[in-house]
There are 2 protein chains.
Amino acid sequence: MHTLRERKKQRTRDALLRAAVELFTSQGYDRTTVDEIADAVDVSQRTFFRYFAGKDEAALGLVEMTVARFVEAVRARPPQEAPLEALRRAVVDGWYSVNEVVESVVPVELYLRMYRVIEETPVLLAAHLRRSAEAEEDLARVIAEREGLDVDADPRPRLAVAVFSGVMRAAERQWSTGEDVGPEGIRLLTARCLDGLGPALLGDWREPGTGRGVRGPAQA
Amino acid sequence: MHTLRERKKQRTRDALLRAAVELFTSQGYDRTTVDEIADAVDVSQRTFFRYFAGKDEAALGLVEMTVARFVEAVRARPPQEAPLEALRRAVVDGWYSVNEVVESVVPVELYLRMYRVIEETPVLLAAHLRRSAEAEEDLARVIAEREGLDVDADPRPRLAVAVFSGVMRAAERQWSTGEDVGPEGIRLLTARCLDGLGPALLGDWREPGTGRGVRGPAQA
DNA sequence: TTGTCAATTGTCAGCGGCTGTCACTAGCCT
DNA sequence: AGGCTAGTGACAGCCGCTGACAATTGACAA
């Protein structure tokens, strides 16, 4: 990152990302052409595709950064923590560092709005879900290693991650469809969603004492 | 479905679907153009797009049918069954009727191979995951209604469905990457995956008695 | 039957995403 | 300074997809 060339490249990439996000959030994804983005940065369309494999990558770039950050955060948690606790703490504590990274490219507010665009643009949502599935796989491997398990032999790591991701996705949607909450609101929202996890899984759904929790059907 | 026109339409659609699946499974999704598919059925390219919103819809058509079938099957389960049991029985019992529907368009073997193509073609996998997410939402509503709950107020329906879907997806992948198993093999595989659900969630991961299951972290 | 209406299809033109190619420019290194 | 290479622009072209209009074909009543 020290040679002039490398700095220049980084600047063009950031500029493209910024221009893309600004256009996407202001006019929508479909109504924005790659040419527009390239022109805004004063670069040829061909160059855009040298930085991003597709139009969608420019749209998912920001989220991508935060996801990668999160996986790293989990990897860094002390190994004596139980799996779900490590995941939970990583997401709750990690928000600040995420803020930093995002802010180095665009104001955080744009990040929020970009998230909404992703959620309401079918092709972007699809790409996002695919990428999330990959991240889940990574997380499962991290968890398995922490617990000294074989990820292909024991289903529990993947299962735990699946449960966790389900909750996170629920929080995401709640937050992206609700009214505009600041970054701090997100932390609270996710924390609250995660707190509901245990009771939801273990409690009986109708009345106590009938033995109808997750246990029943699974053993049937 | 009784007028000549309607029958003709159905036949063209089936023919397009069949041709698409055959081409996709034999030469790959990317290396197959829409023109090829249309030519194989002796129809104009424009007509193809009157039946399918996009090239991907022709690829996901088969799976789409089975997913819809499955959601219906869950809806039809007796309401006294616990949620996860209803889901489980729907998938295990429902396989035969799925077979029927698929076989009316292409041999089941092609269904299996098409599934592999989807799994290894990024854009198709993405679209598939998105559609699956929608199905999950539907299922959550069905479950909520069975239990007399409000999906938006109570997180447990979505959570249960998320867990279940996680297991199903694990089974899907195991089956699509493994060696060629027949339709009966799939039933066994999914059943086995689902049987592991209860112990995996409730058991302790290292040794019994330390109180470190899903319960611990969720309450932290 | 036959004529009329509506549904389905083919043709054509065109946009936008994306890629290969090649010449050219600009940073790098000795 | 001058050769080398990474990065860029310009151009051509494929493919997915859409709108518009004309031609065809089945539906249905007179």
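Every value quoted in this text rests on a predicted model; they were computed, and no experiment measured them. A, B, ... follow the sequence lines: proteins, then strands. Residue 1 opens every chain.
Residues forming a ring pair (Phe, Tyr, Trp, His ring centres under 6.0 Å) with Phe49(A) (at least two apart in sequence, or on another chain): none. For Tyr29(A), the ring pair (Phe, Tyr, Trp, His ring centres under 6.0 Å) test picks out Phe24(A), with sequence neighbours left out. Tyr51(B) is linked by a ring pair (Phe, Tyr, Trp, His ring centres under 6.0 Å) to nothing, counting only residues two or more places apart in sequence or in another chain.
Mapping Thr12(B) and Lys55(A) onto DNA chain C via the closest heavy atom, the residue that lands nearer the 5' end is Thr12(B).
Side chains of Met65(B) and Leu62(B) form a contact here, defined as non-hydrogen atoms less than 4.5 Å apart. Annotation: side chain of Glu137(A) is in contact with side chain of Arg141(A) (closest heavy-atom distance under 4.5 Å). No side-chain heavy atom of Phe70(B) sits under 4.5 Å from any side-chain heavy atom of Thr66(B). Pro122(B) is listed as a side-chain neighbour of Arg130(A), based on a closest heavy-atom distance under 4.5 Å.
Close to dG9(D), at under 4.0 Å from its OP1 or OP2, lies a side-chain N or O of Thr47(A).
Between Leu124(A) and the options Ile118(A), Leu129(A), Asp30(A), Val63(A), a side chain to side chain contact (heavy atoms under 4.5 Å, CB included) holds for only Ile118(A).
Residue Thr33(A) is in sugar-phosphate contact alone, with no base atom involved, counting any heavy-atom pair closer than 4.0 Å across all strands shown. If you check every strand for non-hydrogen atoms under 4.0 Å, Phe52(B) touches nothing. Contacts of Phe48(A) with the nucleic acid, taken as non-hydrogen atoms under 4.0 Å apart, are absent.
Relative orientation of the Phe48(A) and Phe52(A) rings is tilted, given thresholds of 30° and 60° on the angle between their planes.
A 6.0 Å sphere centred on CD of Gln10(B) holds more than 12 heavy atoms belonging to other residues, nucleotides or ligands. Around atom CG of Asp42(B), no more than 12 heavy atoms belonging to other residues, nucleotides or ligands sit under 6.0 Å away.
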Mark up nucleotides 19-30 of chain D, 5' to 3', with B wherever a protein heavy atom is under 4.0 angstrom from a base atom, S wherever such an atom reaches only the sugar-phosphate, and - elsewhere. BB----BBS---
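Close approach of DNA chain C to chain B, defined as any atom under 4.0 Å from a non-hydrogen atom of the protein, starts and stops at dA6(C) to dT11(C).
In this structure, OH of Tyr51(B) is placed 17 Å from P of dT18(D), rounded to the nearest angstrom. Here dA6(D) presents its C1' atom at 16 Å from CD of Gln10(A), a figure rounded to the nearest Å. Summarising the geometry, the separation between CD on Gln45(B) and P on dC17(D) is reported as 9 Å, rounded to the nearest angstrom.
Looking at residues 22-32 of chain A, you'll see that no heavy atom sits under 4.0 Å from any atom of DNA chain D.
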